[in-house]
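One structure is given here, and the rest of the page talks about it.
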Amino acid sequence: MIIDLPRFIAAERPSWTELETTLDRLQAQPDRQLALDEAQRFHLLYQKVSADLGRIATFASEPELRRYLEALTARAYAEIHETRERGRRFRPARWFFAEFPRVFRRHVGAFHVSWIITLVGVLFGGFAVMLDDEAKEAVMPAMFANHLGDPAKRVAAEESSAGDRGAGGHSTFASQLMVNNIGVSIKAVALGLTYGLGTIVLLFYNGVILGLVAIDYVLAGQSVFLAGWLLPHGVIESPAILIAGQCGLVLGKALIGHGDRAPLTARLRAIGPDLATLIGGVAVMLVWAGLVESFLSQYHQPVIPYAVKIAFGCVELAVLSWFLGSGRAKDGAPGAEEVRA
Amino acid sequence: MNSELRIRTPEGIAFAYQLAGPVARCMSWSIDLVVVLVLGMTVNTVLAKFGIISPDLASALMTVSYFVITIAYGVCTEWVWRGQTVGKRIMRLRVMDAQGLRLQFHQILMRNLLRFADLLPGCYLVGGAAMVLSRRAQRLGDLAANTVVVHIAKHAEPDLDQLLAGKFNSFRQFPHLEARLRQRATPDEARLALQALVRRDHLEPEARVRLFGELAAHFKTLVAFPPDAVESLPAEQYLRNVVETIFRPRTGVEGKVGAVPAEAV
């Protein structure tokens with residue numbers, strides 16, 4: 001078949017232009033939904049352009065035209081065959097208050113595994129410090145060197161220091177805490193790529209450090225100081241790290257694919273939006289935890305009574321529990337999935 | 001590791017994207033590293049001015065800003081520029097969905113956050129090994145995000161005016177046979193003939209005569225021009241006529257189509 005090229009282009013060009021315009025519009029307005037007649041027209045144009053490309057594909061003499069039609073068809077293909085939801089306008093409040101807890105609950109099994117691994121680490125660290133005085137020096141990283149001494153002496157020093165202990169450095173300290181903790185969370189997620197093993201090791205090690213410090217203070221009779229010091233920021237920081245571990249475990253589970261017959265790419269495609277939501281929520285939680293740790297946790301009795309700090313921590317924990325678990329009844333309700341970004 | 005990512009649509013149309021290799025990606029990453037460092041230093045210089053008001057606040061903002069720039073640079077540029085960073089633009093690379101579908105924000109976020117695993121134990125060793133072993137040249141972050149990095153081919157057409165200038169094409173007397181030649185020659189055959197002419201001066205004289213002879217003989221089997229028009233033509237001139245016939249822009253065709261959309265190639 002010989003094509004009269006000028007006539008072919010003249011006849012088909014309006015369709016190409018219309019398809020290109022539609023694609024540009026969809027690209028410019030990602031949250032725009034096509035009406036039924038628009039969608040039908042869009043599909044018809046895609047088929048026409050595909051057919052035109054099929055006709056021109058064997059023509060050696062029109063490489064530019066072929067590339068143009070190939071590119072146009074590729075763009076339309078990406079829109080037509082995309083089964084995931086179109087990106088909606090990002091609404092931060094709805095994302096954090098509705099989407100984040102819903103995704104957390106969707107993968108709550110991995111969260112349970114996450115805290116169990118951490119708890120095993122806490123118990124290990126606790127027993128280690130009870131049985132071996134040198135355990136702290138052996139396990140504690142350099143950044144926690146201030147916890148290597150006698151807890152009772154540290155408490156006495158903290159309580160006797162007058163005035164604003166961190167004066168002039170609260171913001172810097174808060175920023176360092178945020179950066180460090182968010183970095184650890186990203187590592188916990190990324191290590192999920194080791195089929196979850198790296199995440200498990202990180203959670204366990206995190207638990208060991210927590211256990212070492214906590215039991216050391218308890219054994220020294222400083223339980224009230226410990227609660228007043230850790231609770232205000234720890235009730236947010238620790239769950240945030242656990243949720244990051246949850247992400248890593250979800251990723252590891254998708255890679256292993258046990259009990260899921262979908263191909264690897266489909267499994268990873270399915271969890272991608274959830275992982276992004278969870279890690280975003282973790283970042284927000286850790287910003288709050290960093291601010292609390294720097295501006296509140298570092299003040300001790302008599303500046304701020306321990307009862308106030310412990311009460312503050314308990315209130316935070318109650319709010320967090322309500323926040324993450326309150327919509328459980330709605331999760332199965334019709335339309336719940338629509339809120340997904 | 002394949003060099004191409006082939007996508008076949010249900011309508012029977014196939015596309016091929018050239019996958020980016022480790023060297024091109026390494027160079028792109030190096031450029032991005034420099035951009036991040038310059039950006040970080042610039043922001044820090046500006047934030048340092050706040051030190052006059054509050055040294056603590058300035059120090060905090062500097063700590064946070066560098067961290068944010070390190071992570072957000074890749075995410076933001078790839079989202080705004082549809083899969084490209086500064087380094088990728090310079091190296092003509094693009095991140096795209098591994099199935100050719102729309103690149104989504106969460107894919108960009110995940111491939112950038114999971115970079116940490118690719119960097120282990122240092123110098124991108126894990127990521128580099130994963131790329132070499134992967135069928136689609138994917139690092140671990142790409143595997144998890146279901147993305148690939150492709151090379152945006154630059155199709156520079158040779159200057160035909162320069163190549164064929166001043167030569168009379170005896171085929172023009174037979175427009176119906178020219179049309180048949182254009183229709184019967186495949187894209188690969190046409191490109192082969194073109195490349196033979198473009199590289200003419202790089203060929204040994206004997207090899208050139210043999211190559212042009214074989215190519216001319218092949219094209220003669222596609223379309224038979226009248227003997228009086230071609231019998232005195234040397235093989236090289238016959239090939240020039242073929243190339244001129246196939247690639248010559250015709251009235252009413254040139255300038256009719258739009259530019260190839262950048263985000264789709």
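Heavy atoms only: backbone and side chains are in, while hydrogens, waters and symmetry mates are out. Order of the sequence lines fixes the chain letters, A, B, ..., with proteins taken first and strands second; residue numbering starts at 1 for each chain.
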Do A:Y77 and B:L101 touch side chain to side chain, with heavy atoms closer than 4.5 Å?
-> yes
Any chance the side chains of A:T172 and B:D56 put a donor and an acceptor closer than 3.5 Å?
-> yes
What part of B:Q99 gets closer than 4.5 Å to chain A, counting heavy atoms only: side chain, backbone, both or neither?
-> both
More than 12 foreign heavy atoms under 6.0 Å from CH2 of A:W288: is that the case here?
-> no
Turns out that what part of B:L113 lies under 4.5 Å from chain A's heavy atoms comes down to both
What pair of heavy atoms forms the shortest contact from B:A117 to A:A190, and how long is it?
-> CB-O, 3.7 Å
Against chain A, work out which of B:T9, B:L120, B:V64 has the most heavy-atom pairs shorter than 4.5 Å and name it.
-> B:T9
Working to the nearest 0.5 Å, report the span between CG of B:L114 and CD1 of A:I186.
-> 9.5 Å
Heavy atoms only: give me the nearest B:A60-A:S171 pair and the separation to one decimal.
-> CB-O, 3.2 Å
Closest non-hydrogen atom pair between A:A78 and B:G100, with its separation | CB-O, 3.3 Å
If we only count heavy atoms from C-beta on, is the A:L268 to B:N146 side-chain gap below 4.5 Å?
-> no
Can you see which heavy atom on A:G183 is nearest to which on B:F67, and at what distance?
-> N-CZ, 4.1 Å
For B:F116, enumerate each residue passing the ring-ring contact (aromatic ring centres under 6.0 Å, His included) test, keeping only those at least two apart in sequence or located in another chain.
-> none
What residues of residues 246-254 of chain A sit under 4.5 Å from chain B when you count only heavy atoms?
-> A:L251
Whether over 12 other heavy atoms sit under 6.0 Å from A:F295 CZ | yes
Atom pair CD1/OG1 of B:I7 and A:T73 - distance to nearest 0.5 Å | 12.5 Å
Identify which part of B:L181 has an atom lying under 4.5 Å from any heavy atom of chain A, answering side chain, backbone, both or neither.
-> neither
Minimal heavy-atom distance between A:A276 and B:H106, with the atoms involved, is CB-CB, 3.7 Å
For residues B:V126 and A:L193, determine if any side-chain heavy atom of one lies less than 4.5 Å from a side-chain heavy atom of the other.
-> no
dist B:L143:CG -> A:L264:CG (nearest 0.5 Å) comes out at 7.5 Å
Pick one of side chain, backbone, both or neither for A:L191, based on which atoms fall under 4.5 Å of a heavy atom in chain B.
-> side chain
Non-hydrogen atoms of chain B under 4.5 Å away: do they reach the side chain of A:I279, the backbone, both or neither?
-> side chain
